[in-house]
Asker: 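One structure, pasted below without further comment.
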Amino acid sequence: MINLPLLPILIPLLTAVILMFFPKRIAAQRLISIVATIGTIIASAVLVATVKQNGIQTLNLGSWPAPYGIPLVSDMLSALLVLTTSIIVLFVVWYSIFYMGKEHESFFYYIGIQFLMVGINGAFTTGDIFNMFVFFEVFLIASYLLIVLGGKKAQLRESIKYVLINVISSALFVSAVAYLYAVVGTLNMADVSQRIAEINQPGIVTVIAILFLLVFGLKGAIFPLYFWLPSSYHAPPIPVLALFGALLTKVGVYAIMRTYTLFFYHETGYTHVILGVLALLTIIVGCIGAIAYRDVKMIIIYNIMIAVGVILYGVAVMTPDGLEGAVFYLLNDMVIKAALFMLIGIMMAIVGSSHLKDMGGLIKQYPWVGWTYFVAALSLAGIPPLSGFVGKLLIIRGGFTAGDFVGPLLILVSSLVVLYSAMKIFINGFWGTPKEYHGAKKHLAFRLWIPAAALMVLAVAYGVGAEAVRPFITQAVEPLVNPAIYIEAVLKE
Amino acid sequence: MEILMSIVIGILFTCAVYLMLSKSLLRIIIGTGLLSHGAHLLLLTMSGLKTGAAPVLTEGITNYTDPLPQALVLTAIVISFGVTAFFLVLAYRAYQELGTDNMEKMRGTESHD
Amino acid sequence: MKKPNDLILKTVTKVISFIIILFSLHLFFAGHYEPGGGFIGGLMTAAALVLLLLAYDMKTVNTILPFNYKIMTALGLLIAVLTSAGALLFNVPFLTHAYDYFELPLLGETSLHTAVLFDIGVYLVVIGITMTIIQTIGESE
């Protein structure tokens, strides 16, 4: 089956198209979404197994040979990301069935999610830089639909900002691709890498590298470009927020990871130092936000930024350890963030507010939610043996190997801040005197809790079974450390 | 020709930035339109403005145009067409709901702290 | 309310819109080897429909052409995706097209291409999307 790398993109696309014929029949929408997402998970799992066994899988779309056509390239990194994305989408869809109201669900909600998955899986898999732009646009347009869903005043206002920011970053993306094409005359990522190596990365390529950093940094919300994230992410309903927080910023992070290890690895003294400094500043800003706010949504949203900073620091040091840690932490963070948003969604559904001052004593009535949240918080901070630990350990070791001491120390301190901010929710929300709540009933909270807890079980298994996952991660890092492997796989005769 | 186009692109970007910094939502949308026009023109210009025959189709041509930028720019135009249309509808809805198209007045009212 | 004097527009539209649609069909079939194709053809057909909307009102146009444009978009996407996915049955890469030259009565030697099926999908999607946008903005007035 040579089309295997395509299946995680094609299945959601076909599902979305089929769902468009009957947007108002909610029961059918739910059932088909769940079944199709399970199908996508199976396809991506087979893909991971195949990549593990046979190495990087490539597919030249339309039978145009590389470097002339558009290739899809599934190395271990992209296959793992595709698998994680599909799993998260499944749990979020499951959660939405109980969380979203009928009027939201009938307004192209599941169709939007499927298109979002098409775009994200496509952006992870493609081996062509312009095609990556196209897939970025696919998931962005789907995200525009999801962010305005419901059409409340605050949402409309925030989505205008969100759309504006992304339109600007798309225009910059096109400009960056234009400059890159003018310099190297190709768009195939493997071929671009080869030609930049041939001309030995002159100054103009470094400029392009910074332009790409701006574009992907806007998506990934790194330091000076994060300003839109907190307020925009605060507006949409929780399941949408879980998808955005877990997946959208991570696509930006993946794109930086890919371009900075495949294209711009010659002048690390300039580009990667900038990336590292920005990553650390992102961590600091994220920490300030996470400490300052007492709104549960905002606390977790600022935690997204901290995670982005930690991962990008791992990329910036460019040591095998750092990169391995970055991949490890990236996968962990996607799952944990989705689970955390789902858990605080349950709290908000019970309380009817997202502010900590309205919460308290939830552990008396909802001990299962409380203890699941507790485990999630510990794993977010990176307490061993939970899943955040291994990634952070490797990133910090990578930083020390590279001779940097500020970065690793800052990451260690940030872990404390993360723990503090997450525990703030636990102490104020679950402990204290119980209040009268008029939100969701207990059985609804229980139904919402099942997918969140299932996702947490996965995350814990990922952390405890790190030894079993390790070979996959090591294989994922190989093409990042040595671009020749990637180039060889794509441009083979 | 490339020099002239570069200047045009510069003017487009300048106007786009000017419009996007204004307070009226409609002007901002026109600004994003101009910005993407500038980017598309940049994409065409950067690959060299050659004139010549279509490549591949007939044999023995030496002077041919690069078909790739045209395909790319068409894709980019289609995307920006869709996004601009969506943005206009969104702005219209926001105008109806919020009763204003002035970005100053659209500032957040509820606190998140 | 004053009745608008749009006699010229209405009369011209009756003739022009057919010419535009015919030309858009020509553009559609000219694609692949000459300038044209599904996207441009679709846009031009949509332009003809918009002209009808300008000259008459939405209600009249909906009576003449009772299409649900959202379904049309979905149908177009389905055709395009299935055409490209047809390659999977033959275990060749996605989007691979088949073509050959045939002797057809009247037309002589013609190249028949599965890409034209894909283009029909694009054509329908473009008309569907454009008209949905126009209707969404137009309806609320």
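Each chain gets a letter, A, B and so on, in the order the sequences are listed, and its residues count up from 1.
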Asker: Using a 4.5 Å heavy-atom cutoff, which residues in residues 14-34 of chain B come close to chain A?
Answerer: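 The residues closer than 4.5 Å to chain A, in numerical order, are B/Met20, B/Leu25, B/Ile28, B/Thr32.
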Asker: I need the minimum non-hydrogen distance between B/Met46 and A/Ala182, along with the two atoms involved.
Answerer: O-CB, 3.3 Å
Asker: Over all heavy atoms of both residues, which pair between B/Glu97 and A/Leu156 is shortest? Give the atoms and the distance, please.
Answerer: CG-CD1, 3.3 Å
Asker: Check the pair A/Phe130 / B/Leu43 against side chain to side chain contact (heavy atoms under 4.5 Å, CB included), numbers first and verdict last.
Answerer: CA-CA 11 Å; A/Phe130 191 81; B/Leu43 189 59; 4.3 Å; yes
Asker: Measure A/Ser170 against the heavy atoms of chain B and call it side chain, backbone, both or neither at under 4.5 Å.
Answerer: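 Contact with chain B is absent: no heavy atom of A/Ser170 under 4.5 Å.
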Asker: Could you name the residues of residues 76-88 of chain B that have a heavy atom within less than 4.5 Å of a heavy atom in chain A?
Answerer: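 Contacts with chain A: B/Ala76, B/Ile79, B/Val83, B/Phe86, B/Phe87.
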Asker: What part of A/Leu164 gets within 4.5 angstrom of chain B, counting heavy atoms only: side chain, backbone, both, or neither?
Answerer: both
Asker: Less than 4.5 Å to any heavy atom of chain A: does that hold for the side chain of B/Tyr95, its backbone, both, or neither?
Answerer: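 Answer is neither: B/Tyr95 stays 4.5 Å or more from chain A.
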Asker: Let me confirm one number: the CE-NZ distance from B/Met103 to A/Lys161, rounded to the nearest 0.5 Å.
Answerer: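 B/Met103 CE to A/Lys161 NZ: 7.0 Å, rounded to 0.5 Å.
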Asker: Working to the nearest 0.5 Å, report the span between OG of B/Ser36 and CG of A/Leu172.
Answerer: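 Rounded to the nearest 0.5 Å, the OG-CG separation comes out at 11.5 Å.
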Asker: If we define contacts as heavy-atom pairs under 4.5 Å, which of B/Leu72, B/Leu68, B/Leu90, B/Leu42 has the most with chain A?
Answerer: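 Maximum pair count with chain A is reached by B/Leu72.
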Asker: Let me confirm one number: the OG-CG distance from A/Ser175 to B/Leu41, rounded to the nearest 0.5 Å.
Answerer: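 Result: 11.0 Å between the selected atoms.
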